[in-house]
Amino acid sequence: MASSNIDDMGKKAVLQNYLSLDPKDPKVQVMYVWIDGSGEGLRCKTKTYNSVPKSADELIIWNYDGSSTGQAEGKNSDMFIKPVALFNDPFRRGNNKLCMCEVYDYKMDKAETNNRKSCNEVMEQVKSSEPWFGIEQEYTLLDRDGHPYGWPRQGFPGPQGPYYCGVGSDKVYGREIVEAHYKACIYAGITIAGTNAEVMPSQWEFQVGPCVGIDIGDHLWMARFLLHRVAEDFGVIVSFDPKPIPGDWNGAGAHTNFSTLEMRQPNGLVEIEKACNRLSLRHKEHIAAYDPHQGEDNKRRLTGKHETAHIDDFSWGVANRGASIRVPRQVAADKCGYLEDRRPSSNCDPYSVTEIIIRTVVLGE
Amino acid sequence: HPKLNYRMDLTMALAGSCKTTLNRYLALEQPEDVIQILYIWIDGTGEHVRAKSKTVYSEPKSHDDLEEWNFDGSSTGQATGSDSDVFIKPVALFRDPFRCGRNKIALCETLDKDGKPTGTNHRAACVEMMERVKEQRPWFGIEQEYTMLTDAGRPLGWPVNGYPAPQGPYYCGVGANRVFGRDVVEAHYRACIYAGVKISGTNAEVMPAQWEYQVGPCEGIQMGDHLWLSRYLLHRVAEEFGVRITLDPKPMPGDWNGAGAHCNYSTVDMRTGEKGMEAIVGAIERLKLKHKEHIQSYDPNNGEDNKRRLTGRHETSSINDFSWGVAHRGSSIRVPRQVDRDGYGYFEDRRPASNCDPYMVTYMMVKTTLTCDHSA
């Protein structure tokens, strides 16, 4: 914990005095959020505006020092950030905003880790199919020293079993962060669909969706930013690593639920089966798009154990959590609905994931 | 150790839990015609701000409504004991974000008994210079970097007896292992907005526990006034959190970034259509010829402080050489890529140290680029 001679309660009380200041000449603080050169990390900085923006289009394209985020050299360092989605700011409240941005280089070409641009183009192409997505974002809470939050020092909790959707101070660690994050997301305007405690202690999940097209990427990235920021207030670290603890402990994924207009119509199950067949032919390409390191991160997680399918094999089945694709039992019964791709890693880029799903299933690439 | 425990208890008592008690008193109704004015001024170091309060009996509408006051200059390195009175003359008025209500903060110039500016009062000369060049409407924006320290003088959040992981993930970062002290930043931002300071943004910086905020765009003398006020607010806000602020330009030697006060600058000519770039390049060429003089004015110790920071590494240019480039963060002057594309705008002088006097910096900037004055 950062040392200072004032305890946390005191700090928050003092901060509150300033956050409740009522200026005669009110300004709007807009925090720009973007993805850095790692493809996983988020950065942010704030700009004062004189009036309340109604949409991201009203905000100016700004810039930052790309040589400090692994995206440019010092001698040619300016990178541009273009606001693409606007949200309410649950930390600063009032009229203050958060905006998700796309990153461009000095020639106004997209930055290497800007996967949103091509995703957006593809989503525009397939608008008439009305693609819906819902992503189940798993993550792990860690203490400042990297040990899972709440785990005993120099040791381990009892084996997995009692923790999934658990209750009790011996079953779940960090619920205060989950509750705070859920409310923050609702306030911000993110389509957060639910939360639950996960199989490994200190592991949690929240779901974002159903979102149409490009929205899923925007909402999921902003939800991740809110999670890091909320946890910061609690002095806890969030890890999206897909296998934070080796051994007999679950990894973390970002299972992606997907449907098109046709899959949702009566007898849509036929379309779902067609989709699974198309996906079976492009397993390698999808695995390469399902984490920021061409599948290297997922190798540690997709072992065939702990409710995963092995990274080398493609399979699909109804209610099968050991398969690459699971078709929910309810969907099989209704003969229409959606499918769940269980392969994406928790640190995946949702723009990359949703783009390749559309390319394979809808565009038939 | 009983004595140590007492001191710790007292410290804790002065911190968190007593804020509730203090707030009871701050919430007391204050009569309309009883106002607290905080007079603030720059002391004899040219780096630090002092302040004292006075009650007045009607709400001032501008700094002109306030009387000149005075203080003991022998206690601030500004006078000798035998002739110690130094005068403080209000020059700018702001709302007080600590006392709120109708209470005010008055930024002051320090004058000797003959009404002349004291040694570290660089504002007087700056006002005159800005008057001379006012046709060109010089605009400034300064990026104030600073470092947060614990009361033991160590950067906030750094492990005891150790160092954080190397620079890389901290710039504009989020997360409890990436940024330390965000509460102070948030509180300061709001305090500045309330006070009427033109704060235009904030971000976490490259070294952990290092932050930046920007003040501007301000025209002429306003830049110095707003920046000094914002620095006072920063020290004062941090005080409430038990955190120390340093404006030292190289607080941690080694592979850790220093802190600067990059000064963004433009004139009417630079901001206009086709002639913009020509005016920008012209100004830069003039700055090139006065590199040494500017370096001497860019920290309060004639360039000695900046020697530790301007090494040519860590996104700085070397103190001995003048250079400029588009989007180049390793040169003395950077012309933003956006400006290069538009053909007009502004440029960024990356040389000033974080503890510079903005009156001196802005004075030199307009003197060199807009006048033919070769005097010191």
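Chain identifiers are assigned alphabetically (A, B, ...) following the order of the sequence lines, protein sequences preceding nucleic acid strands; residue numbering begins at 1 within each chain.
- Neither the backbone nor the side chain of A:V238 comes within contact range of chain B, judged by heavy atoms closer than 4.5 Å.
- Interface residue B:Y170: only backbone heavy atoms are found under 4.5 Å from chain A.
- Note on B:E315, B:R341, B:H328: by heavy-atom pairs under 4.5 Å with chain A, the leading option is B:H328.
- Of the listed residues (B:A187, B:G201, B:P97), the greatest number of heavy-atom pairs within a distance under 4.5 Å of chain A belongs to B:A187.
- Most heavy-atom pairs under 4.5 Å with chain B, from the set A:K27, A:K45, A:K47, A:Q29: that is A:Q29.
- For the pair B:E143 and B:E348, the minimum side-chain heavy-atom distance is below 4.5 Å.
- Side-chain contact between A:N63 and B:P336 is absent, with no heavy atoms from C-beta onward closer than 4.5 Å.
- Heavy-atom pairs under 4.5 Å with chain A peak, among B:H188, B:R182, B:Q338, at B:R182.
- In this structure, no portion of A:D105 lies under 4.5 Å from any heavy atom of chain B.
- In this structure, the ring of B:H226 has its center less than 6.0 angstrom from the ring center of B:F94.
- Taking the six-membered ring for Trp and the full ring otherwise, the centers of A:Y64 and A:W34 sit less than 6.0 Å from each other.
- For B:R244, no part sits under 4.5 Å from any heavy atom of chain A, backbone or side chain.
- Both cation-pi conditions hold for A:R229 and A:F91: the charged atom is under 6.0 angstrom from the six-membered ring centre and inside a 45 degree cone around its axis.
- Of the listed residues B:V179, B:V237, B:V206, B:I199, the one with more heavy-atom pairs under 4.5 angstrom with chain A than any other is B:V237.
- Formation of a donor-acceptor pair under 3.5 Å by the B:W211 side chain with backbone atoms of B:G181 is not found in this model.
- Counting heavy-atom pairs under 4.5 Å between each of A:S20, A:P23, A:A72 and chain B puts A:P23 at the top.
- In this structure, B:V243 and B:L149 have side chains that are not in contact, with every pair of non-hydrogen atoms separated by 4.5 Å or more.
- For B:Y146 and B:H235, the gap between ring centers reaches or exceeds 6.0 Å.
- Of the two parts of A:N17, only the side chain, counted from C-beta on, holds a non-hydrogen atom closer than 4.5 Å to a non-hydrogen atom of chain B.
- Ranked by heavy-atom pairs under 4.5 Å with chain A, the list B:G330, B:G173, B:P169, B:S331 is led by B:P169.
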